[in-house]
Colleague: 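Starting off with a structure, shown below.
Both ligands and their constituent atoms are indexed starting at 1 by order of listing. Remember, it's a predicted structure, so these values are computed and weren't measured experimentally.
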Amino acid sequence: MQWLARIFGNKKNTTHERPPQIFFTNTLSGRKEVFVPQRAGIVTMYTCGPTVYSKQHIGNLRPGMLSDTIARTLASAGYRVRRVINITDVGHLVGDGDHGDDKVAVSAAREKVTPKSLADRYTKEFINDLSELNIAVGDIQFPHATDYIKEQIAFAKTLEEKGFAYPLPSGLYFDTQRFPGYGKLGGVSAAELAAGARVDVVAGKRHSADFVLWRTAKPNDLQQWDSPWGRGNPGWHIECSTMSRALLGKEIDIHTGGEDLAPIHHNNEIAQSEAASGRTFAHYWLHNAFLTMSGEKISKSLGNVVYLSDVIEKGFDPLALRYFFLQAHYRTPLSFSWDALAGAASALERLQRLAQDVAQESKHKESPSEARGHFLAAMRDDLATPQALGILWDALRSEEYAPAEKWGLLQDADAHLGLSLLAPAGPGALAVADLPGEVQEMLARREAARVSRDFTEADRLRGEIERRGYRVDDGPNGPVVTRTTL
Ligand code: AMP
Ligand code: ZN
């Protein structure tokens, strides 16, 4: 009953049972390490999210896939995972410099809407895309940078008071030379960072790698606030240090994002957070490689973008894209083409058909098997999804395994890979996490009633849910909810 655990939290984790070993490649050490959380049974994970000045392309969804795969693997091993994906709606500048125009403000002006309505629209589309990929968005907090202005100012003030920041007319800057080990993530030297740092020349900057914490407003800035350094807006990096601390604490277990963020954005996050707290900011750093097309990174600036809406318009199940992502290890660049996606879609359909046969043959009875052990070992070995898929295919096609063993393996496969193999959702099926809280609660109560064989109460609750515009059908993996027209 994974969906119930999603609503009420995974209660499975305990300090009595030793969780299985899980290994991740940590960008901080450059090595594969065994994962040990700070608190038994609980994991905190922060993922750098999108800048919501335009629609997100399918490359932008790869970081979401990485953090989802981490979360599923940890949750299946008994951990409760607390997750944040931030929404950047201020501070990320055109050209990535410290003093260009704000991306959100530029797009808002072009589309003649307020920055807030622009950001809200693209945030909603992004979260919807994640949900289409079977990512349980109800389990994730999505804080907006503009909702944490006071906290960002307080954070920058702390850094100034501790001597890690200095003011200039153009803003407050972080002094990278005051922070020992600056650039430790990915083993980038300070000289390389300086060379790669923004090429905007700022009068008075002590070192070229120094970066802005709070930027002095230009008179026409659409988004600006009062601060101890005058009217202005936050630098891009400070939001992640601030929101991560506010929502997950000073020290977090896992931090993830696209590999392009490691050298500057993530090194700057580390510098800010560790300078302020004197503690380790994040213990494990995981980065996904790029999604490419015809040999180039899919990127808005190159203009070679494909959106999830294009995938759906062409008649593909969004889970075909999920399958496509899982075919590659997260640290490997992945090349997108429509043919490759079609290949993934047909593989997924074949897998779903195999799963349906297993459902019938096994009568939903499950038992352990060697294949399950191998599958779990692959997932727990730095999320080896291509190997895990291979193990799944081999076992389902093999005559060596009994139907109940295959059914058991499918339980693990669905929990880790999220391909809805046990209960193909069918058209219109909604993720439980996306339903209104009241309906989620009724669903949970109805399930409890069914389990205790109180079918009168279960039927009453079904009626209540229907009156709210939703239809419930019972699938092998929990209820399948669709929208009805009232
Ligand atoms: P951006 O909107 O470019 O700041 O990107 C938002 C997130 O998506 C960051 O974590 C990037 O690293 C990631 N990202 C952007 N383009 C790609 C791509 N082609 N493949 C994988 N990740 C990407
Ligand atoms: Zn970030």
Side-chain angles (χ1 to χ4, degrees), residues 27 45-69 83-97 102-104 106-107 119 122-123 125-126 129-130 133 142-145 148 152 155 185-186 211 213 234-248 252 254-273 281-282 285-308 321 324-325 328-337:
T27 312
M45 174 161 65
Y46 186 97
T47 299
C48 287
T51 305
V52 283
Y53 68 104
S54 70
K55 207 170 151 91
Q56 300 301 305
H57 55 69
I58 54 175
N60 297 132
L61 303 177
R62 202 172 186 200
M65 277 296 297
L66 168 59
S67 62
D68 183 64
T69 310
R83 301 181 58 190
V84 170
I85 299 181
N86 67 299
I87 301 290
T88 303
D89 56 356
V90 68
H92 198 173
L93 303 185
V94 176
D96 280 349
D102 183 289
K103 286 186 180 187
V104 169
V106 168
S107 291
Y122 291 127
T123 303
E125 285 188 13
F126 169 65
D129 281 358
L130 294 184
L133 286 180
F142 293 96
H144 287 63
Y148 286 82
Q152 292 180 75
F155 204 112
L185 186 71
F211 56 90
L213 297 166
W236 174 36
H237 317 293
I238 193 79
E239 77 177 67
C240 289
S241 288
T242 305
M243 298 196 292
S244 158
R245 178 198 272 212
L247 296 169
L248 299 174
I252 61 171
I254 303 178
H255 196 309
T256 72
E259 64 180 359
D260 55 324
L261 301 183
I264 295 182
H265 180 57
H266 288 165
N267 271 308
N268 290 354
E269 283 184 31
I270 292 174
Q272 295 165 151
S273 295
F281 172 40
W285 288 83
L286 278 77
H287 291 98
N288 63 275
F290 281 139
L291 186 65
T292 62
M293 198 153 72
S294 312
E296 282 187 305
K297 172 192 172 187
I298 293 190
S299 110
K300 279 162 225 155
S301 47
L302 291 174
N304 58 348
V305 291
V306 172
Y307 300 111
L308 186 63
L321 182 65
F324 171 76
F325 278 129
H329 189 258
Y330 71 91
R331 286 166 51 80
T332 312
L334 175 60
S335 171
F336 177 85
S337 70

Colleague: Ligand 1 and K300, any nitrogen or oxygen pair closer than 3.5 angstrom?
Modeller: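 Checking ligand 1 against K300, an N or O pair does fall under 3.5 Å apart.
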
Colleague: For ligand 1 and A289, I'd like to know whether there is a polar contact (N/O to N/O, distance under 3.5 Å).
Modeller: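 In fact, backbone or side chain, A289 has no N or O that close.
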
Colleague: Evaluate the side chain to side chain donor-acceptor pair (under 3.5 Å) criterion for residues E239 and N86: first the C-alpha distance (whole Å), next the side-chain angles of each, then the deciding distance (0.1 Å), finally the verdict.
Modeller: CA-CA 8 Å; E239 77 177 67; N86 67 299; 2.6 Å; yes

Colleague: What's the spacing between L185 CG and H255 NE2 if we round to 0.5 Å?
Modeller: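 That separation rounds to 9.5 Å.
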
Colleague: Ignoring hydrogens and geometry, is there a side-chain-to-backbone donor-acceptor pair from T292 to L334 under 3.5 Å?
Modeller: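 Yes, T292 side chain to L334 backbone: donor-acceptor pair under 3.5 Å.
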
Colleague: Going by distance only, is there an N or O of L291 that falls short of 3.5 Å from an N or O of ligand 1?
Modeller: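 It does: an N or O of L291 is found under 3.5 Å from an N or O of ligand 1.
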
Colleague: What protein heavy atom sits nearest atom 4 (O) of ligand 1, and how far off is it?
Modeller: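 Of every protein heavy atom, H92 CE1, 3.7 Å lies nearest to atom 4 (O) of ligand 1.
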
Colleague: Answer yes or no: is there a donor N or O on one side and an acceptor on the other, between the side chain of Q272 and the main chain of I270, under 3.5 Å?
Modeller: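 Such a contact is absent between Q272 side chain and I270 backbone.
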
Colleague: Work out the angle at the Zn ion (ligand 2) between NE2 of H265 and SG of C240, rounded to 10°.
Modeller: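 Vertex at the Zn ion (ligand 2): approximately 110°.
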
Colleague: Distance from I85 atom CD1 to S67 atom OG, nearest 0.5 Å?
Modeller: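 With rounding to 0.5 Å, CD1 (I85) is 4.5 Å from OG (S67).
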
Colleague: If the cut-off is 4.0 Å to any non-hydrogen atom of K297, which atoms of ligand 1 fall inside it?
Modeller: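 By the 4.0 Å cutoff, the relevant atoms are 16 (N), 19 (N).
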
Colleague: For H57, take its heavy atoms, then give the atoms of ligand 1 lying under 4.0 Å from any of them.
Modeller: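 This gives 16 (N), 17 (C) as the contact atoms.
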
Colleague: For the backbone of Y307 and the side chain of Q56, can you confirm whether one donor and one acceptor N or O come within less than 3.5 Å of each other?
Modeller: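 Checking the backbone N and O of Y307 against the side chain of Q56, no donor-acceptor pair under 3.5 Å is found.
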
Colleague: For ligand 1, which part of T292 has a heavy atom less than 4.0 Å away: the side chain, the backbone, both, or neither?
Modeller: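 Neither; nothing of T292 gets under 4.0 Å from ligand 1.
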
Colleague: Need the ligand 1 atom indices (1-based, order shown) with element for anything under 4.0 Å from a heavy-atom of G258.
Modeller: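 Close to G258: 10 (O), 12 (O).
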
Colleague: Could you check T123, L61, I87, N60 and say which one makes a side-chain contact (heavy atoms from CB on, under 4.5 Å) with P50?
Modeller: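 Checked T123, L61, I87, N60 against P50; only one passes side-chain contact (heavy atoms from CB on, under 4.5 Å): I87.
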
Colleague: Does G49, backbone or side chain, put an N or O under 3.5 Å from an N or O of ligand 1?
Modeller: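 Such a contact does not occur with ligand 1.
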
Colleague: Atom CE of M45 and atom CG of D68: how far apart are they, to the nearest 0.5 Å?
Modeller: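 M45 CE to D68 CG: 8.0 Å, rounded to 0.5 Å.
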
Colleague: Closest approach of H287 and G258, non-hydrogen atoms and distance?
Modeller: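 It is CD2-O, 3.5 Å.
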
Colleague: Would you call P63 a ligand 1 contact, heavy-atom distance under 4.0 Å?
Modeller: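 Judged by the 4.0 Å heavy-atom criterion, P63 does count as contacting ligand 1.
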
Colleague: Among the N/O/S atoms of E269, which is closest to the Zn ion (ligand 2)? Give the atom name.
Modeller: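 Relative to the Zn ion (ligand 2), the closest nitrogen, oxygen or sulfur of E269 carries the name OE2.
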
Colleague: Short N/O distance, under 3.5 Å, between I298 and ligand 1?
Modeller: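 Min N/O separation from ligand 1 is below 3.5 Å for I298.
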
Colleague: Name the orientation class of the two ring planes belonging to H265 and W236 (parallel below 30°, tilted from 30 to 60°, perpendicular beyond 60°).
Modeller: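 Correct class here is parallel.
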
Colleague: In the protein, what heavy atom is nearest to atom 1 (P) of ligand 1, and what distance, to one decimal place, separates them?
Modeller: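 Ranking protein heavy atoms by distance from atom 1 (P) of ligand 1, first comes N60 ND2, 4.0 Å.
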
Colleague: Any sub-3.5 Å donor-acceptor pair from R62's side-chain atoms to A289's backbone N or O?
Modeller: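 Yes.
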
Colleague: Looking only at distances, can you tell me whether any N or O atom of E259, backbone or side chain, sits closer than 3.5 Å to an N or O atom of ligand 1?
Modeller: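 There is no such contact.
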
Colleague: At a non-hydrogen distance cut-off of under 4.0 Å, which region of L261 contacts ligand 1 (side chain, backbone, both, or neither)?
Modeller: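 Within the 4.0 Å criterion, L261 contacts ligand 1 through side-chain atoms alone.
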
Colleague: Can you measure from OG (S241) to OH (Y46) and round to the nearest 0.5 angstrom?
Modeller: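 Here the rounded value is 8.0 Å.
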
Colleague: Can you tell me how far apart CD (E269) and CG (L261) are? Round to the nearest 0.5 Å.
Modeller: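 With rounding to 0.5 Å, CD (E269) is 8.0 Å from CG (L261).
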
Colleague: For atom 18 (C) of ligand 1, what's the nearest protein heavy-atom neighbour? Residue, atom name and distance, please.
Modeller: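 Scanning the protein heavy atoms, the shortest distance from atom 18 (C) of ligand 1 goes to F290 CD2, 3.4 Å.
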
Colleague: If you have a sec, work out which protein heavy atom is nearest atom 23 (C) of ligand 1 and how many Å separate them, to one decimal?
Modeller: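 The answer is G59 O, 3.3 Å.
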
Colleague: Does C48 bring an N, O or S atom to within less than 2.8 Å of the Zn ion (ligand 2)?
Modeller: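 Checking C48: at least one N, O or S atom is under 2.8 Å.
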
Colleague: Quick one: nearest non-hydrogen protein atom to atom 12 (O) of ligand 1, plus distance?
Modeller: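 Closest protein heavy atom to atom 12 (O) of ligand 1: D260 OD1, 2.3 Å.
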
Colleague: Could you tell me, atom by atom, which parts of ligand 1 come under 4.0 Å of a heavy atom of N288?
Modeller: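 Those of ligand 1 that fall under 4.0 Å from N288 are 21 (C), 22 (N).
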
